[in-house]
Amino acid sequence: MKKTYITNMPNHIGAFLKASECFAKLGINITRVSYNKAVDSHTLFIDAEGDENKLKEADIYLEQIGYLQNTRSEPSIVLLEFTLTDKPGSVTEILHLINDFKLNISYISSQENGTDFQAFKMGLFVEDEKIMKEFLQKAQSLCPVRILNYNHSEKILDNSIFYNSFVSELVQCIGLSDSIRNELLINSNIVMQMLDEKGLSPYKTFESISRFAHLLAACRGENFIPRITRHKITENTEITLIEPPCGSNTAIIKSNNQYLFVDSGYALYKEEMLLLFKELIPDFDSIKKKIYITHADVDHCGLLPLFDEIYASEKTKECLELEYKGKNGYREQNHLHKPYINICKALTSYQAPAPEKVIPMWKSPENQKEVLVQTGFFDFEELHFEVYEGKGGHLSGETVLIDYIHHIVFSGDIYVNIHGMTKEQTEYNQYAPVLMTSVDTDPKLCALERQAIMQRLGQGDWQIFGAHGMKKDYSLKV
(Lines give C-alpha, C1' and ligand atoms only; values in the text may rest on other atoms or scores of the structure.)
Protein backbone atom coordinates (compact mmCIF):
# COMPACT_ATOMS: atom_id res chain seq x y z
CA MET A 1 0.00 0.00 0.00
CA LYS A 2 1.19 3.52 -0.85
CA LYS A 3 0.53 6.71 1.07
CA THR A 4 1.64 10.35 1.04
CA TYR A 5 2.36 11.97 4.40
CA ILE A 6 2.20 15.76 4.69
CA THR A 7 4.27 16.29 7.80
CA ASN A 8 4.68 19.35 9.98
CA MET A 9 8.35 18.88 10.83
CA PRO A 10 9.84 20.92 13.68
CA ASN A 11 12.53 23.21 12.35
CA HIS A 12 15.46 21.69 14.20
CA ILE A 13 18.29 19.20 13.69
CA GLY A 14 17.23 15.54 13.56
CA ALA A 15 13.54 16.14 12.74
CA PHE A 16 13.55 14.05 9.55
CA LEU A 17 15.73 11.41 11.23
CA LYS A 18 13.02 10.85 13.84
CA ALA A 19 10.37 10.17 11.18
CA SER A 20 12.77 8.03 9.15
CA GLU A 21 13.56 5.84 12.16
CA CYS A 22 9.82 5.30 12.69
CA PHE A 23 9.36 4.07 9.12
CA ALA A 24 12.46 1.87 9.23
CA LYS A 25 11.34 0.23 12.47
CA LEU A 26 7.97 -0.62 10.90
CA GLY A 27 9.49 -1.91 7.66
CA ILE A 28 8.02 0.93 5.60
CA ASN A 29 9.91 2.06 2.49
CA ILE A 30 10.25 5.78 1.74
CA THR A 31 9.80 6.23 -2.04
CA ARG A 32 9.82 10.05 -2.31
CA VAL A 33 10.82 12.95 -0.09
CA SER A 34 10.37 16.66 -0.81
CA TYR A 35 11.43 19.54 1.44
CA ASN A 36 12.44 23.07 0.44
CA LYS A 37 13.11 25.43 3.33
CA ALA A 38 12.98 28.42 1.00
CA VAL A 39 9.38 27.53 0.13
CA ASP A 40 8.06 26.29 3.48
CA SER A 41 10.31 25.84 6.50
CA HIS A 42 8.14 23.17 8.15
CA THR A 43 6.21 21.14 5.57
CA LEU A 44 7.89 17.96 4.36
CA PHE A 45 6.27 15.45 2.01
CA ILE A 46 7.00 11.74 2.34
CA ASP A 47 5.68 9.06 -0.02
CA ALA A 48 5.78 5.73 1.80
CA GLU A 49 5.00 2.15 0.82
CA GLY A 50 4.35 -0.75 3.17
CA ASP A 51 1.84 -3.00 4.87
CA GLU A 52 -1.50 -1.27 5.53
CA ASN A 53 -1.44 -2.06 9.25
CA LYS A 54 2.14 -0.80 9.58
CA LEU A 55 1.18 2.45 7.88
CA LYS A 56 -1.63 2.85 10.41
CA GLU A 57 0.92 2.39 13.20
CA ALA A 58 3.05 5.09 11.58
CA ASP A 59 -0.02 7.36 11.49
CA ILE A 60 -0.48 6.98 15.24
CA TYR A 61 3.19 7.58 16.04
CA LEU A 62 3.51 10.67 13.80
CA GLU A 63 0.26 12.06 15.22
CA GLN A 64 1.55 11.60 18.77
CA ILE A 65 4.76 13.52 18.09
CA GLY A 66 2.86 16.29 16.30
CA TYR A 67 4.26 15.67 12.82
CA LEU A 68 1.02 15.32 10.86
CA GLN A 69 -0.52 18.29 9.07
CA ASN A 70 -3.94 17.93 10.66
CA THR A 71 -2.50 18.77 14.07
CA ARG A 72 -1.43 22.17 12.85
CA SER A 73 -3.52 25.32 13.04
CA GLU A 74 -3.73 27.57 10.02
CA PRO A 75 -2.74 31.14 10.81
CA SER A 76 -2.75 33.84 8.18
CA ILE A 77 -0.76 36.79 6.91
CA VAL A 78 -2.23 40.26 6.58
CA LEU A 79 -0.44 42.61 4.21
CA LEU A 80 -0.73 46.24 5.30
CA GLU A 81 0.41 49.50 3.74
CA PHE A 82 1.29 52.35 6.11
CA THR A 83 1.48 55.82 4.53
CA LEU A 84 4.32 57.40 6.47
CA THR A 85 5.84 60.88 6.34
CA ASP A 86 9.16 60.57 4.55
CA LYS A 87 11.41 61.66 7.40
CA PRO A 88 13.82 59.93 9.84
CA GLY A 89 12.10 57.81 12.49
CA SER A 90 8.63 57.88 10.95
CA VAL A 91 8.33 54.10 11.08
CA THR A 92 9.47 53.84 14.71
CA GLU A 93 6.02 54.49 16.20
CA ILE A 94 4.50 51.76 14.05
CA LEU A 95 7.22 49.31 15.06
CA HIS A 96 6.64 50.09 18.74
CA LEU A 97 2.92 49.44 18.25
CA ILE A 98 3.62 46.13 16.51
CA ASN A 99 5.90 45.19 19.39
CA ASP A 100 3.27 46.16 21.98
CA PHE A 101 0.76 43.82 20.30
CA LYS A 102 3.40 41.07 20.04
CA LEU A 103 2.84 40.65 16.30
CA ASN A 104 5.47 38.98 14.12
CA ILE A 105 6.62 40.67 10.92
CA SER A 106 6.95 38.29 7.99
CA TYR A 107 7.53 40.78 5.18
CA ILE A 108 8.79 44.38 4.82
CA SER A 109 9.08 46.51 1.70
CA SER A 110 9.49 50.25 1.36
CA GLN A 111 11.14 52.70 -1.03
CA GLU A 112 11.03 56.48 -1.45
CA ASN A 113 8.99 57.66 -4.42
CA GLY A 114 9.96 61.33 -4.75
CA THR A 115 7.04 62.62 -2.62
CA ASP A 116 6.76 63.66 1.03
CA PHE A 117 5.28 60.27 1.90
CA GLN A 118 6.46 56.69 1.76
CA ALA A 119 4.31 53.57 1.29
CA PHE A 120 5.64 51.14 3.90
CA LYS A 121 4.36 47.60 3.32
CA MET A 122 4.43 44.99 6.07
CA GLY A 123 3.16 41.44 6.31
CA LEU A 124 1.98 40.62 9.83
CA PHE A 125 1.52 37.08 11.11
CA VAL A 126 -2.01 36.92 12.58
CA GLU A 127 -3.48 34.23 14.81
CA ASP A 128 -6.22 36.27 16.53
CA GLU A 129 -8.49 38.38 14.34
CA LYS A 130 -9.75 40.35 17.36
CA ILE A 131 -6.22 41.50 18.22
CA MET A 132 -5.62 42.53 14.60
CA LYS A 133 -8.74 44.72 14.59
CA GLU A 134 -7.61 46.45 17.77
CA PHE A 135 -4.13 46.94 16.31
CA LEU A 136 -5.55 48.51 13.14
CA GLN A 137 -7.64 51.00 15.11
CA LYS A 138 -4.58 52.25 17.00
CA ALA A 139 -2.35 52.21 13.89
CA GLN A 140 -4.85 54.37 11.98
CA SER A 141 -4.57 57.03 14.67
CA LEU A 142 -0.85 57.29 13.82
CA CYS A 143 -1.04 57.27 10.00
CA PRO A 144 -3.27 56.17 7.10
CA VAL A 145 -3.35 52.36 6.87
CA ARG A 146 -4.90 50.10 4.26
CA ILE A 147 -5.15 46.33 3.91
CA LEU A 148 -3.81 45.11 0.57
CA ASN A 149 -5.17 42.19 -1.39
CA TYR A 150 -2.61 39.48 -0.89
CA ASN A 151 -1.68 37.25 -3.81
CA HIS A 152 0.70 34.40 -3.00
CA SER A 153 1.77 34.19 -6.62
CA GLU A 154 3.41 37.61 -6.33
CA LYS A 155 5.11 37.45 -2.94
CA ILE A 156 5.78 34.73 -0.42
CA LEU A 157 5.22 36.58 2.84
CA ASP A 158 5.91 33.79 5.30
CA ASN A 159 7.57 30.54 4.32
CA SER A 160 6.55 28.69 7.46
CA ILE A 161 2.91 28.43 6.41
CA PHE A 162 3.20 28.64 2.63
CA TYR A 163 1.62 25.34 1.54
CA ASN A 164 -1.49 25.70 3.69
CA SER A 165 -2.05 29.30 2.64
CA PHE A 166 -1.38 28.52 -1.02
CA VAL A 167 -3.91 25.69 -1.15
CA SER A 168 -6.48 27.72 0.82
CA GLU A 169 -6.26 30.38 -1.86
CA LEU A 170 -6.84 27.85 -4.66
CA VAL A 171 -9.85 26.32 -2.91
CA GLN A 172 -11.34 29.71 -2.09
CA CYS A 173 -10.89 31.29 -5.52
CA ILE A 174 -12.90 28.54 -7.25
CA GLY A 175 -15.25 27.88 -4.33
CA LEU A 176 -14.48 24.20 -3.84
CA SER A 177 -14.83 21.87 -0.89
CA ASP A 178 -12.03 21.59 1.67
CA SER A 179 -12.00 17.86 0.94
CA ILE A 180 -9.68 18.44 -2.04
CA ARG A 181 -7.04 20.30 0.01
CA ASN A 182 -4.67 17.37 0.43
CA GLU A 183 -4.97 16.39 -3.23
CA LEU A 184 -4.00 19.91 -4.29
CA LEU A 185 -1.29 20.20 -1.66
CA ILE A 186 0.44 16.94 -2.57
CA ASN A 187 0.30 17.45 -6.32
CA SER A 188 1.40 21.09 -6.17
CA ASN A 189 4.43 19.91 -4.22
CA ILE A 190 5.18 17.14 -6.74
CA VAL A 191 5.02 19.60 -9.65
CA MET A 192 7.31 21.97 -7.76
CA GLN A 193 9.83 19.22 -6.99
CA MET A 194 9.79 17.92 -10.57
CA LEU A 195 10.32 21.34 -12.14
CA ASP A 196 12.79 22.42 -9.46
CA GLU A 197 15.01 19.53 -10.54
CA LYS A 198 14.80 20.89 -14.09
CA GLY A 199 16.00 24.30 -12.89
CA LEU A 200 12.67 26.14 -12.76
CA SER A 201 12.14 28.38 -9.72
CA PRO A 202 9.68 26.90 -7.19
CA TYR A 203 7.90 30.25 -6.99
CA LYS A 204 7.46 30.27 -10.78
CA THR A 205 5.73 26.88 -10.51
CA PHE A 206 3.38 28.00 -7.74
CA GLU A 207 2.69 31.22 -9.62
CA SER A 208 1.68 29.21 -12.71
CA ILE A 209 -0.65 26.96 -10.67
CA SER A 210 -2.21 29.97 -8.95
CA ARG A 211 -2.76 31.89 -12.19
CA PHE A 212 -4.18 28.77 -13.84
CA ALA A 213 -6.70 28.36 -10.98
CA HIS A 214 -7.65 32.04 -11.02
CA LEU A 215 -8.16 31.93 -14.79
CA LEU A 216 -10.49 28.94 -14.43
CA ALA A 217 -12.43 30.80 -11.75
CA ALA A 218 -12.53 34.10 -13.64
CA CYS A 219 -14.34 32.48 -16.60
CA ARG A 220 -17.34 31.22 -14.65
CA GLY A 221 -20.92 32.48 -14.52
CA GLU A 222 -21.50 35.73 -16.42
CA ASN A 223 -17.84 35.72 -17.45
CA PHE A 224 -18.23 32.42 -19.30
CA ILE A 225 -18.28 33.86 -22.81
CA PRO A 226 -17.34 31.24 -25.40
CA ARG A 227 -16.88 32.06 -29.05
CA ILE A 228 -19.72 30.39 -30.98
CA THR A 229 -19.67 29.92 -34.74
CA ARG A 230 -22.00 28.04 -37.10
CA HIS A 231 -20.83 26.21 -40.20
CA LYS A 232 -23.28 25.06 -42.89
CA ILE A 233 -22.28 21.71 -44.38
CA THR A 234 -25.37 20.75 -46.40
CA GLU A 235 -28.98 21.88 -46.51
CA ASN A 236 -29.73 19.54 -43.58
CA THR A 237 -26.41 19.48 -41.74
CA GLU A 238 -24.77 22.19 -39.65
CA ILE A 239 -21.89 22.25 -37.15
CA THR A 240 -21.94 24.63 -34.19
CA LEU A 241 -18.50 25.15 -32.66
CA ILE A 242 -18.34 26.28 -29.01
CA GLU A 243 -14.94 27.58 -27.91
CA PRO A 244 -14.81 28.23 -24.16
CA PRO A 245 -12.06 30.41 -22.67
CA CYS A 246 -10.63 27.36 -20.84
CA GLY A 247 -10.77 23.71 -21.82
CA SER A 248 -11.52 21.96 -25.10
CA ASN A 249 -13.97 23.03 -27.76
CA THR A 250 -17.33 21.32 -28.02
CA ALA A 251 -18.79 20.79 -31.49
CA ILE A 252 -22.49 20.09 -31.99
CA ILE A 253 -23.35 18.37 -35.27
CA LYS A 254 -26.99 18.73 -36.29
CA SER A 255 -27.94 16.51 -39.22
CA ASN A 256 -31.50 15.62 -40.22
CA ASN A 257 -32.62 17.03 -36.85
CA GLN A 258 -30.39 14.56 -34.98
CA TYR A 259 -27.56 15.74 -32.71
CA LEU A 260 -24.04 14.48 -32.07
CA PHE A 261 -21.60 16.25 -29.74
CA VAL A 262 -17.82 16.09 -30.16
CA ASP A 263 -15.79 16.53 -26.93
CA SER A 264 -17.22 18.29 -23.90
CA GLY A 265 -14.85 20.64 -22.03
CA TYR A 266 -14.34 20.96 -18.26
CA ALA A 267 -16.81 19.77 -15.61
CA LEU A 268 -16.27 23.12 -13.86
CA TYR A 269 -18.45 24.78 -16.51
CA LYS A 270 -21.28 22.26 -16.35
CA GLU A 271 -24.00 24.77 -15.46
CA GLU A 272 -22.82 27.33 -18.00
CA MET A 273 -22.65 24.73 -20.78
CA LEU A 274 -26.06 23.28 -19.91
CA LEU A 275 -27.64 26.71 -20.27
CA LEU A 276 -25.93 27.09 -23.62
CA PHE A 277 -26.97 23.63 -24.83
CA LYS A 278 -30.60 24.36 -23.96
CA GLU A 279 -30.41 27.68 -25.78
CA LEU A 280 -28.97 26.05 -28.90
CA ILE A 281 -31.17 22.93 -28.67
CA PRO A 282 -34.59 23.85 -27.18
CA ASP A 283 -35.55 20.18 -26.69
CA PHE A 284 -32.15 19.24 -25.22
CA ASP A 285 -33.69 17.69 -22.08
CA SER A 286 -35.77 15.25 -24.09
CA ILE A 287 -33.33 14.16 -26.82
CA LYS A 288 -31.01 11.16 -26.60
CA LYS A 289 -27.64 12.67 -25.81
CA LYS A 290 -24.80 11.23 -27.90
CA ILE A 291 -21.17 12.31 -27.87
CA TYR A 292 -17.97 11.34 -29.65
CA ILE A 293 -14.70 11.71 -27.69
CA THR A 294 -11.44 12.29 -29.56
CA HIS A 295 -9.35 11.21 -26.54
CA ALA A 296 -9.56 10.82 -22.75
CA ASP A 297 -8.07 14.08 -21.47
CA VAL A 298 -9.75 15.77 -18.49
CA ASP A 299 -10.46 18.99 -20.42
CA HIS A 300 -12.36 17.01 -23.09
CA CYS A 301 -14.37 14.66 -20.88
CA GLY A 302 -15.73 16.85 -18.08
CA LEU A 303 -19.39 16.65 -19.11
CA LEU A 304 -19.50 12.98 -20.12
CA PRO A 305 -21.74 11.96 -17.17
CA LEU A 306 -24.51 14.07 -18.80
CA PHE A 307 -24.61 11.90 -21.93
CA ASP A 308 -26.48 8.67 -22.66
CA GLU A 309 -24.08 7.24 -25.23
CA ILE A 310 -20.34 7.97 -25.47
CA TYR A 311 -18.55 6.85 -28.63
CA ALA A 312 -14.81 6.29 -28.30
CA SER A 313 -11.89 4.10 -29.29
CA GLU A 314 -11.22 0.91 -27.38
CA LYS A 315 -8.23 2.47 -25.60
CA THR A 316 -10.19 5.58 -24.65
CA LYS A 317 -12.88 3.39 -23.05
CA GLU A 318 -10.16 1.54 -21.14
CA CYS A 319 -8.72 4.85 -19.88
CA LEU A 320 -12.10 6.18 -18.74
CA GLU A 321 -12.85 2.89 -16.98
CA LEU A 322 -9.54 3.06 -15.08
CA GLU A 323 -10.44 6.56 -13.90
CA TYR A 324 -13.95 5.46 -12.91
CA LYS A 325 -12.39 2.77 -10.70
CA GLY A 326 -10.11 5.33 -9.05
CA LYS A 327 -6.99 4.10 -10.84
CA ASN A 328 -4.47 5.98 -12.94
CA GLY A 329 -5.63 6.87 -16.45
CA TYR A 330 -3.16 7.16 -19.32
CA ARG A 331 -2.07 10.68 -18.36
CA GLU A 332 -1.46 9.74 -14.73
CA GLN A 333 0.63 6.78 -15.85
CA ASN A 334 3.12 9.38 -17.13
CA HIS A 335 4.91 10.66 -14.00
CA LEU A 336 5.57 14.03 -15.69
CA HIS A 337 1.87 14.59 -16.37
CA LYS A 338 0.28 12.99 -13.31
CA PRO A 339 0.48 15.89 -10.79
CA TYR A 340 -0.87 18.51 -13.20
CA ILE A 341 -3.72 16.23 -14.29
CA ASN A 342 -4.63 15.53 -10.66
CA ILE A 343 -4.62 19.29 -9.96
CA CYS A 344 -6.93 19.80 -12.99
CA LYS A 345 -9.28 17.07 -11.82
CA ALA A 346 -9.45 18.54 -8.32
CA LEU A 347 -9.94 22.15 -9.47
CA THR A 348 -12.59 21.27 -12.09
CA SER A 349 -14.52 18.61 -10.09
CA TYR A 350 -13.91 15.94 -12.72
CA GLN A 351 -15.77 12.62 -12.55
CA ALA A 352 -15.34 9.80 -15.04
CA PRO A 353 -18.55 8.49 -16.67
CA ALA A 354 -20.10 5.12 -15.85
CA PRO A 355 -18.33 2.47 -18.01
CA GLU A 356 -21.60 1.09 -19.42
CA LYS A 357 -22.22 4.42 -21.18
CA VAL A 358 -18.96 4.22 -23.15
CA ILE A 359 -19.29 2.36 -26.46
CA PRO A 360 -15.96 1.29 -28.03
CA MET A 361 -16.71 1.70 -31.72
CA TRP A 362 -13.34 0.61 -33.06
CA LYS A 363 -10.78 -1.90 -31.90
CA SER A 364 -7.43 -0.23 -31.24
CA PRO A 365 -4.62 -1.69 -33.35
CA GLU A 366 -2.06 -3.91 -31.61
CA ASN A 367 1.66 -3.26 -32.10
CA GLN A 368 0.83 -0.22 -34.22
CA LYS A 369 3.71 0.73 -36.54
CA GLU A 370 2.23 3.58 -38.59
CA VAL A 371 1.66 6.89 -36.84
CA LEU A 372 -1.95 7.03 -38.07
CA VAL A 373 -3.97 3.88 -38.85
CA GLN A 374 -7.51 3.57 -40.19
CA THR A 375 -9.55 1.54 -37.71
CA GLY A 376 -13.05 1.79 -39.15
CA PHE A 377 -15.93 4.01 -40.18
CA PHE A 378 -18.43 6.18 -38.30
CA ASP A 379 -21.64 7.35 -39.94
CA PHE A 380 -23.90 10.01 -38.51
CA GLU A 381 -26.92 10.86 -40.68
CA GLU A 382 -25.51 12.68 -43.76
CA LEU A 383 -21.88 12.51 -42.62
CA HIS A 384 -19.62 9.55 -43.37
CA PHE A 385 -16.33 9.50 -41.50
CA GLU A 386 -13.26 7.36 -41.80
CA VAL A 387 -11.78 6.81 -38.34
CA TYR A 388 -8.02 6.98 -37.78
CA GLU A 389 -6.22 6.20 -34.54
CA GLY A 390 -2.91 7.85 -33.70
CA LYS A 391 0.03 6.01 -32.22
CA GLY A 392 -0.22 7.99 -28.97
CA GLY A 393 1.81 11.10 -29.71
CA HIS A 394 -0.68 13.25 -27.80
CA LEU A 395 -2.44 10.51 -25.82
CA SER A 396 -2.99 6.81 -26.32
CA GLY A 397 -6.39 6.07 -27.86
CA GLU A 398 -6.56 9.38 -29.76
CA THR A 399 -8.72 9.31 -32.90
CA VAL A 400 -9.34 11.52 -35.92
CA LEU A 401 -12.52 11.68 -38.06
CA ILE A 402 -12.25 12.48 -41.78
CA ASP A 403 -15.29 12.88 -44.07
CA TYR A 404 -13.94 12.74 -47.64
CA ILE A 405 -17.33 13.58 -49.17
CA HIS A 406 -17.94 16.81 -47.26
CA HIS A 407 -14.23 17.61 -46.59
CA ILE A 408 -14.57 17.78 -42.81
CA VAL A 409 -11.97 16.78 -40.21
CA PHE A 410 -12.26 16.43 -36.42
CA SER A 411 -8.63 16.26 -35.32
CA GLY A 412 -8.80 16.44 -31.50
CA ASP A 413 -5.56 17.71 -30.00
CA ILE A 414 -3.29 16.18 -32.63
CA TYR A 415 -3.97 19.26 -34.76
CA VAL A 416 -5.22 22.50 -33.18
CA ASN A 417 -5.50 25.97 -34.68
CA ILE A 418 -2.90 27.79 -32.56
CA HIS A 419 -3.20 30.99 -34.58
CA GLY A 420 -6.99 30.96 -34.32
CA MET A 421 -7.27 31.18 -30.53
CA THR A 422 -8.85 33.97 -28.51
CA LYS A 423 -6.75 35.90 -26.01
CA GLU A 424 -8.21 33.85 -23.13
CA GLN A 425 -7.58 30.55 -24.91
CA THR A 426 -3.98 31.54 -25.59
CA GLU A 427 -3.45 32.41 -21.91
CA TYR A 428 -5.07 29.16 -20.77
CA ASN A 429 -2.95 27.04 -23.10
CA GLN A 430 0.34 28.44 -21.82
CA TYR A 431 0.18 26.74 -18.40
CA ALA A 432 -0.03 23.03 -19.26
CA PRO A 433 3.24 23.00 -21.26
CA VAL A 434 5.02 24.49 -18.22
CA LEU A 435 3.44 22.32 -15.54
CA MET A 436 3.49 19.09 -17.58
CA THR A 437 6.76 19.86 -19.43
CA SER A 438 4.77 19.07 -22.61
CA VAL A 439 1.08 18.64 -23.46
CA ASP A 440 2.02 15.68 -25.66
CA THR A 441 3.05 12.23 -24.47
CA ASP A 442 5.63 12.20 -27.29
CA PRO A 443 5.96 15.61 -29.03
CA LYS A 444 8.00 14.28 -31.98
CA LEU A 445 5.50 11.51 -32.62
CA CYS A 446 2.60 13.96 -32.37
CA ALA A 447 4.28 16.16 -35.01
CA LEU A 448 4.45 13.15 -37.33
CA GLU A 449 0.75 12.45 -36.67
CA ARG A 450 -0.12 16.04 -37.66
CA GLN A 451 1.77 15.58 -40.91
CA ALA A 452 0.00 12.26 -41.50
CA ILE A 453 -3.43 13.93 -41.14
CA MET A 454 -2.59 16.57 -43.71
CA GLN A 455 -1.16 13.94 -46.08
CA ARG A 456 -4.51 12.11 -46.00
CA LEU A 457 -6.48 15.14 -47.18
CA GLY A 458 -7.15 15.19 -50.90
CA GLN A 459 -7.66 18.01 -53.34
CA GLY A 460 -10.21 20.69 -52.48
CA ASP A 461 -11.34 22.98 -49.66
CA TRP A 462 -11.34 21.43 -46.17
CA GLN A 463 -12.76 22.47 -42.79
CA ILE A 464 -10.61 21.23 -39.89
CA PHE A 465 -12.24 21.31 -36.46
CA GLY A 466 -9.45 21.03 -33.88
CA ALA A 467 -10.18 20.75 -30.16
CA HIS A 468 -8.75 24.20 -29.38
CA GLY A 469 -9.03 27.39 -31.41
CA MET A 470 -11.37 28.26 -34.26
CA LYS A 471 -12.06 26.11 -37.31
CA LYS A 472 -9.16 25.95 -39.78
CA ASP A 473 -9.89 26.41 -43.49
CA TYR A 474 -7.43 24.46 -45.61
CA SER A 475 -7.21 24.29 -49.41
CA LEU A 476 -5.25 21.79 -51.46
CA LYS A 477 -4.89 22.65 -55.13
CA VAL A 478 -3.31 20.53 -57.84
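Note that this is a predicted model, so its numbers are computed, not measured.
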Colleague: Counting only N and O atoms by type, is there a donor-acceptor contact under 3.5 Å from the side chain of Ser34 to the main-chain atoms of Gln193?
Modeller: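 Between the backbone of Gln193 and the side chain of Ser34 there is no qualifying donor-acceptor contact (under 3.5 Å).
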Colleague: Salt-bridged, Glu321 to Lys325, with N to O below 4.0 Å?
Modeller: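 The answer is yes: the pair qualifies as a salt bridge.
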Colleague: With sequence neighbours excluded, what pairs up with Glu386 under the salt bridge (Lys or Arg N to Asp or Glu O under 4.0 Å) test?
Modeller: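 Salt bridge (Lys or Arg N to Asp or Glu O under 4.0 Å) list for Glu386, sorted by chain: empty.
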Colleague: Checking Gln374 side chain against Val387 main chain: does a donor-acceptor pair fall under 3.5 Å?
Modeller: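 Not at all, since once roles are kept as given, no pair shorter than 3.5 Å links the two residues.
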Colleague: Heavy-atom distance under 4.5 Å between the side chains of Arg331 and Met436, does that happen here?
Modeller: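 With C-beta onward as the side chain, the pair touches.
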Colleague: Report the residue from Phe23, Tyr67, Phe45 that forms a ring pair (Phe, Tyr, Trp, His ring centres under 6.0 Å) with Tyr5.
Modeller: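 For Tyr5, the ring pair (Phe, Tyr, Trp, His ring centres under 6.0 Å) test succeeds with only one of Phe23, Tyr67, Phe45, which is Phe23.
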Colleague: Please name all residues satisfying side chain to side chain donor-acceptor pair (under 3.5 Å) with Glu314, sequence neighbours left out, ordered by chain then number.
Modeller: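 Result, side chain to side chain donor-acceptor pair (under 3.5 Å) vs Glu314: none returned.
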Colleague: Which residues pass the ring pair (Phe, Tyr, Trp, His ring centres under 6.0 Å) test with Tyr269, sequence neighbours left out?
Modeller: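 Tyr269 satisfies ring pair (Phe, Tyr, Trp, His ring centres under 6.0 Å) with Phe224 once adjacent residues are dropped.
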Colleague: Among residues at least two apart in sequence or on other chains, which ones pass side chain to side chain donor-acceptor pair (under 3.5 Å) with Asp47?
Modeller: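 Per chain and number, Asp47 pairs via side chain to side chain donor-acceptor pair (under 3.5 Å) with Thr4, Arg32.
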Colleague: Quick one: ring-ring contact (aromatic ring centres under 6.0 Å, His included) pairs with a partner in residues 452-473, sequence neighbours left out?
Modeller: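 Every ring-ring contact (aromatic ring centres under 6.0 Å, His included) pair that includes a residue of residues 452-473, provided the two are not neighbours, is His231-Phe465, His300-His468, Tyr404-Trp462, His407-Trp462, Phe410-Phe465.
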Colleague: Begin from the C-alpha positions of Tyr474 and Tyr415 and carry the test ring pair (Phe, Tyr, Trp, His ring centres under 6.0 Å) through to its verdict.
Modeller: CA-CA 13 Å; Tyr474 174 76; Tyr415 181 92; 8.3 Å; no
Colleague: Compute the ring centroids of Phe16 and Tyr35, then answer whether they are less than 6.0 Å apart.
Modeller: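 No: the rings miss the under 6.0 Å criterion.
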Colleague: Among residues at least two apart in sequence or on other chains, which ones pass side chain to side chain donor-acceptor pair (under 3.5 Å) with Tyr259?
Modeller: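 Not a single residue meets the side chain to side chain donor-acceptor pair (under 3.5 Å) criterion with Tyr259.
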Colleague: With side-chain hydrogen bond (donor to acceptor under 3.5 Å, both in side chains) as the test, pick out the partner of Thr237 among Glu381, His406, Glu382, Lys254.
Modeller: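 It is Glu382; the other options fail the test.
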Colleague: Measure from the ring center of Trp362 to the ring center of Phe378 and say whether it is less than 6.0 Å.
Modeller: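 When the ring centroids of Trp362 and Phe378 are compared, they turn out to be within the sub-6.0 Å range.
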Colleague: If you count every heavy atom of other residues, nucleotides or ligands that lies below 6.0 Å from Lys232 atom NZ, does the total exceed 12?
Modeller: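 Buried by this count: over 12 neighbours within 6.0 Å.
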Colleague: Does Lys317 reach the main-chain N or O of Pro360 with its side chain, forming a donor-acceptor pair under 3.5 Å?
Modeller: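 Answer holds: no.
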Colleague: With sequence neighbours excluded, tell me which residues meet side chain to side chain donor-acceptor pair (under 3.5 Å) with Glu449.
Modeller: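 Here no residue qualifies.
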Colleague: Counting the benzene-type ring for Trp, do Phe206 and Phe166 have ring centres under 6.0 Å apart?
Modeller: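 They qualify: ring centres under 6.0 Å apart.
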Colleague: Can a side-chain donor-acceptor contact be found between Lys391 and Gln368 if the only test is distance below 3.5 angstrom?
Modeller: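 There is no such pair between these side chains.
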Colleague: Output every pair passing salt bridge (Lys or Arg N to Asp or Glu O under 4.0 Å) with a member in residues 215-230, not counting sequence neighbours, ordered by first then second residue.
Modeller: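 Pairs touching residues 215-230 that pass the test: Arg227-Glu243.
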Colleague: Enumerate the salt bridge (Lys or Arg N to Asp or Glu O under 4.0 Å) contacts for residues 258-271, please, sequence neighbours excluded, ordered by first and then second residue.
Modeller: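 Sorted pair list comes back empty.
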Colleague: Holding to salt bridge (Lys or Arg N to Asp or Glu O under 4.0 Å), I want the full list of residues that pass it with Lys278, two or more places apart in sequence or in another chain.
Modeller: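 Partners of Lys278 by the salt bridge (Lys or Arg N to Asp or Glu O under 4.0 Å) criterion, ordered by chain and then number, come out as Asp285.
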Colleague: Can you tell if the side chain of Arg450 reaches within under 4.5 Å of the side chain of Ile453, non-hydrogen atoms only?
Modeller: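 Answer no - side chains too far apart.
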Colleague: Do the side chains of Leu372 and Glu389 get nearer than 4.5 Å, heavy atoms only?
Modeller: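 With C-beta onward as the side chain, the pair stays apart.
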Colleague: Ignoring hydrogens, what is the shortest heavy-atom contact between Leu55 and Gly50? Give both atom names and the distance.
Modeller: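 Answer, listing the atom of Leu55 first, then Gly50: CD1-O, 3.7 Å.
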Colleague: Keeping to residues at least two apart or across chains, list the salt bridge (Lys or Arg N to Asp or Glu O under 4.0 Å) pairs with something in residues 337-354.
Modeller: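 Listed once each, the pairs are Glu323-Lys345, Glu332-Lys345.
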Colleague: Check Cys246 against Leu216 and note the closest heavy-atom contact, atom names and distance.
Modeller: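 Looking at all heavy atoms of both residues, the shortest contact is CB-CD2, 3.8 Å.
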Colleague: Using the benzene-type ring in the case of Trp, are the ring centres of Tyr292 and Tyr311 under 6.0 Å apart?
Modeller: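 No, too far apart.
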Colleague: Could you tell me whether Asp473 and Lys471 make a salt bridge, using a distance below 4.0 angstrom between a side-chain N and a carboxylate O?
Modeller: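 Yes, charged N to carboxylate O under 4.0 Å.
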Colleague: Tell me which pairs pass salt bridge (Lys or Arg N to Asp or Glu O under 4.0 Å) where either residue lies in residues 459-469, with sequence neighbours left out.
Modeller: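 Residue pairs with at least one partner in residues 459-469: Asp461-Lys477.
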